[in-house]
Amino acid sequence: MNKLLLAWTIVFIIIGGGILFYGMSFNPSGWFQGLVTFTEPNNAPIPWGLLVIGYMFFGVIGTGVSTYNSLYELFNKNHKERNPFNKISLRNEWLALAVLVPGWIMVFASVYKPGNAMYIYLSFRDTSRIAWNGVLYALVGIGIIAEILALIGEKIKEENNGKIPGILKIIADIDALIVGYAILAELILDANLGAVFGYLSTWVLEFGSFMPILFVVLSFYAGIAMISFISPLYSWIRKGVIQPVTAQTNVTKASESGSAGPGSEDTQFKILARDGLLATIAVGFLIFWWMWITATNQETNIWADLLLTGSWASVFWGGVVIVGIIIPIILYSIAYKKESKGLLFVSAIFALLGMFAITTVVDVIPQAITWYYSVAPITPSNSNWVYELRSVFNHAPLWSTLPFGISNYDIVWFAGSALLLLGVYTLGVLLLPLEEDEKPKHLWIFK
Amino acid sequence: MSNSSIQEKNQLINPYTKFGNTQSCEHWGFVVRVDQCLGCDACMAACAIENQTPFWENLWRTHVEDLEIGEYPNTQRMFVPRLCMQCENPPCYYVCPTGATQIVDGGIVVVDEYKCMGCLYCVEACPYGARYFYTYEDIQKAKEYFGQNLIHVVPHVDKCTFCYGTAPDGTYTPACVRTCPGGARVFGCLDDPNSEVSILVNTGQAIVLNPQLNTQPKVFYVFNRQNGRYVSGGNS
């Protein structure tokens, strides 16, 4: 067992877990009931803050990693040699699960009484998109875990000439079904996450159908970026720290001699650059379309103004357009052309930052304009009597942008969850046979 | 889901709060006679005491908007009382993931504070800004003002319930209606054609806020207008 990775895992689990424990005011049971003082401020003008952005960010990335990986797996089911990600398929699924962990934590942390989330399941309301989020998050988690078990089961099958123990046999036998189920659950979860933002009071209903499309495409954009970020990083670490010479050296040699196969790292990185480029172009088009319809609709053009020229213009132009779309398109293109692992890695960093900027504006913008009311019929015939009721109810100023604040509570839970992710990911790397050359030896699934 | 099936599903009495009206009505309604509102804010004070709302945070179940309309020199001042619209088709009900938001007898939308998890989706979805969160800190603060006789005992989203069942004399009249010195607030049964609310609604002068959203509010506004202009202090 690699000592550096072990130390890394322990440190991040302790630091991340410790911060989360602090976030509970050292009182987990009180926190679950909403009975701690260290909680979100009630007078925040924008109710859904960093934690909602956080669970969308990590949730969509996690599902995206799994969906992207699973699609290659499913469509190359009978020709695994054609799957460029066959060798890292299991690691990608673990990555998806690890990335979902902070998403799940922030889902709970973003509500005042996490313990009462049980009522989502005990008195399920089918008209609520958040209720569906609760169900779909669970279904996606089950799907990814089942997929990991199926892939480990296949390893055991190969190792033991078709012999495979207990329940793993059942799971491995229906692996295609499991992969299909996981893809479906993930796509529905992404769409549902987007749909949450189509039902806000300040957001016209048409966004209820637009946002799911954006979120499904974002899951590919962000999922590919996450794999493109982790895979080169892991490759460098593995090459430099874990196994100085083995597969990597062989791949390099093969690549140099022009005989890189479909599953080689170079091929993987080239395909990631190509798919990342396509996904970024798709996101760019949808963002353009979002602005187009928002700016040309009299009901919504104030939100477009806010993004294009208003107080959120720097985040939109700088974070979404330049960092999230233009730079990744350029870098992914060069990375594809030059087959550069380093540029793919840098592209992925920009795309992930862009993903954070996009989820931020998707969350904040619908909430950023205060409510206003119109009395209808506002103009009786032959009358000049026209006015609007504009609410100053509950801290909402007139026609202005509501300020977006990040509370200490939000920072603590976001930081704790993100740091925990680093430990959870390497914990899986240490315990599970995620690499091609690693085999399960203990308790069926541990190496 | 149709309104009737929602009603059937939710003919519930919240066991945790002291609901128990003595009159029965399928559709309680509320009319605000805007021209008779003085802007004295007595309704806000009465509501805050009756329902222990966190006035220390400037959060209210009902409040009065002080508006200036028109342009100089033709300006007018206008007070518009605001409260939960008790929609027949309430967005807050549809989005609530835990079933904490319920529609009880009389079509009144209430929150079961023991089921609310505080996700604030209802706060986001309400097009009238009628909801806010009652925090643990607010409960502690309420103890300072109201002693141990607390209405709210766990954190939850709070809103106007037309004082459902809280009238101390056993009758079912909201505190703001009982307190209003100008008679600007009228409460009654919309199913009864002889009730004052029905008569006011049937004048054809009554309007609702944001009707285009199809929320079907049960709070109506009556303005006194002459020659197309709002007339302050007149009779409806």
Side-chain angles (χ1 to χ4, degrees), chain A residues 30 33-37 39-43 47-48 110-120 122-134 196 199-202 205 366-367 370-371 373-387 389-396, chain B residues 1 54 57-60 63 65-67 69-70 78 80 82 91 93-101 112 114-121 123-140 154-157 207-213 221 223 225 227-230:
Chain A
Q33 299 169 67
L35 303 180
V36 297
T37 53
T39 186
E40 287 180 284
N42 188 30
N43 57 1
W48 286 348
S110 69
V111 302
Y112 280 88
K113 291 192 287 182
N116 280 13
M118 66 180 173
Y119 289 112
I120 288 178
L122 297 178
S123 52
F124 181 70
R125 185 164 285 171
D126 60 6
T127 52
S128 171
R129 304 261 60 91
I130 283 188
W132 279 107
N133 269 357
V196 167
Y199 287 79
L200 305 189
S201 61
T202 54
L205 199 57
Q367 307 176 75
T370 184
W371 300 282
Y373 307 93
S374 61
V375 173
I378 56 173
T379 311
S381 57
N382 303 318
S383 164
N384 60 0
W385 187 80
V386 178
Y387 77 95
L389 293 180
R390 295 171 185 177
S391 178
V392 289
F393 197 13
N394 295 343
H395 306 296
Chain B
M1 191 181 287
E57 282 191 57
N58 197 25
L59 296 171
W60 310 86
H63 74 294
E65 289 185 356
D66 185 350
L67 302 174
I69 56 174
M78 182 183 201
V80 181
R82 298 290 311 282
Y93 173 90
Y94 293 121
V95 301
C96 177
T98 61
T101 296
D112 180 343
Y114 284 87
K115 283 180 99 175
C116 175
M117 69 172 184
C119 68
L120 307 185
Y121 202 2
V123 175
E124 294 278 13
C126 174
Y128 305 103
R131 288 173 169 244
Y132 60 87
F133 196 75
Y134 207 103
T135 61
Y136 179 62
E137 288 88 344
D138 291 330
I139 293 166
Q140 303 304 313
V154 292
H156 65 288
V157 168
I207 56 174
V208 295
L209 299 188
N210 287 357
Q212 75 278 9
L213 298 175
Y221 288 82
F223 298 84
R225 293 176 299 208
N227 298 323
R229 282 180 61 77
Y230 166 69

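In what follows, every chain begins at residue 1, and chains take the letters A, B, ... in the order their sequences are listed.
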Quiz item: To the nearest 0.5 Å, what is the distance between CD1 (A:I120) and SG (B:C119)?
Solution: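 With rounding to 0.5 Å, CD1 (A:I120) is 7.5 Å from SG (B:C119).
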Quiz prompt | Value rounded to 0.5 Å, distance of OH in B:Y94 from CZ in A:R129 | solution =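 Going from OH on B:Y94 over to CZ on A:R129, the span is 13.5 Å.
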Search all heavy atoms of [X] against all heavy atoms of [Y] and return the closest pair with its distance.
X: A:V111; Y: B:M117; value: CB-O, 3.3 Å
X: A:Y112; Y: B:T135; value: CE2-CG2, 4.2 Å
X: A:S123; Y: B:K115; value: OG-NZ, 3.0 Å
X: A:A131; Y: B:P97; value: N-CB, 3.4 Å

Quiz item: Taking every heavy-atom pair that is under 4.5 Å apart, which of B:V154, B:T98, B:I139, B:V157 has the most such pairs with chain A?
Solution: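 Winner by heavy-atom pair count: B:T98.
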Quiz item: In terms of heavy-atom proximity below 4.5 Å to chain A, should B:P155 be classed as side chain, backbone, both, or neither?
Solution: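 Contact with chain A: backbone and side chain both.
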Quiz item: Out of A:L122, A:N133, A:N116, which one racks up the most heavy-atom pairs below 4.5 Å with chain B?
Solution: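 Among A:L122, A:N133, A:N116, the one with the most close pairs to chain B is A:N116.
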Quiz item: Once the angle between the rings of B:Y121 and A:W48 is folded into 0 to 90°, is it parallel (under 30°), tilted (30 to 60°) or perpendicular (over 60°)?
Solution: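 Because their plane-to-plane angle lies in the 30° to 60° range, the rings of B:Y121 and A:W48 count as tilted.
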Quiz item: Counting N and O atoms only, with roles assigned by atom type, does the side chain of A:K113 sit under 3.5 Å from a partner on the main chain of B:H156, one being a donor and the other an acceptor?
Solution: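 Between the backbone of B:H156 and the side chain of A:K113 there is no qualifying donor-acceptor contact (under 3.5 Å).
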